[in-house]
Amino acid sequence: MTVLVVHIVLTLLGANPENGLTQLIRDAADTFNLGLSDLFLPEDPRLGVVLNYGTAALIWFAITTVVVRLVRRVP
């Protein structure tokens, strides 16, 4: 989930897409986006990143919350 948020922040701040670190974060975010990279297709590509990767981050947050609660219930 953190990788998705970092990718959103780097995109909004206008990070150089040719930078090695930026590419690494983008590739990792593409791995964890749950196939949602084309869910929303607004005209502004930055808005698309926020909506698509933000949705994936929220879903990962929900999944993590459920798993943590289940693990805490195990004696």
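This chain uses plain numbering: 1 for the first residue, then up along the sequence.
- In this structure, NE2 on His7 lies 12.0 Å from CG on Leu24, to the nearest 0.5 angstrom.
- The backbone N or O of Asp27 sits less than 3.5 Å from a side-chain atom of Thr31, completing a donor-acceptor pair.
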Could you give the side-chain donor-acceptor pairs of residues 43-54 under 3.5 Å, partners two or more places apart or in another chain?
| from | atom 1 | to | atom 2 | distance (Å) |
| --- | --- | --- | --- | --- |
| Asp44 | OD1 | Arg46 | N | 3.3 |
| Asn52 | OD1 | Leu39 | N | 3.4 |
| Asn52 | OD1 | Phe40 | N | 2.7 |
| Asn52 | ND2 | Ser37 | O | 2.9 |
| Asn52 | ND2 | Phe40 | O | 3.0 |
| Asn52 | ND2 | Gly48 | O | 2.9 |
| Tyr53 | OH | Asp30 | OD1 | 2.4 |

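- Atoms OG1 and CD1, on Thr2 and Ile25 in that order, are 10.0 Å from each other to the nearest 0.5 Å.
- The heavy-atom pair separating Thr22 from Pro17 by the smallest distance is CG2-CA, 4.2 Å.
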Show the atom names and distances, to 0.1 Å, of all donor-acceptor pairs under 3.5 Å that link a side chain in residues 60-75 to residues at least two apart or in another chain.
| from | atom 1 | to | atom 2 | distance (Å) |
| --- | --- | --- | --- | --- |
| Trp60 | NE1 | Phe32 | O | 2.7 |
| Thr64 | OG1 | Trp60 | O | 2.8 |
| Thr65 | OG1 | Phe61 | O | 2.8 |

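- Hydrophobic clustering keeps Leu4 apart from Val9 (ILVMFWY residues linked when any side-chain heavy atoms are closer than 4.5 Å, directly or through intermediates).
- Rounded to the nearest 0.5 Å, atoms CD1 (Ile8) and CG (Leu13) are 11.5 Å apart.
- Rounded to the nearest 0.5 Å, atoms CG (Leu34) and OG1 (Thr55) are 10.0 Å apart.
- Taking CG from Asn16 and CG from Asn19, the interatomic distance works out to 5.5 Å, rounded to the nearest 0.5 Å.
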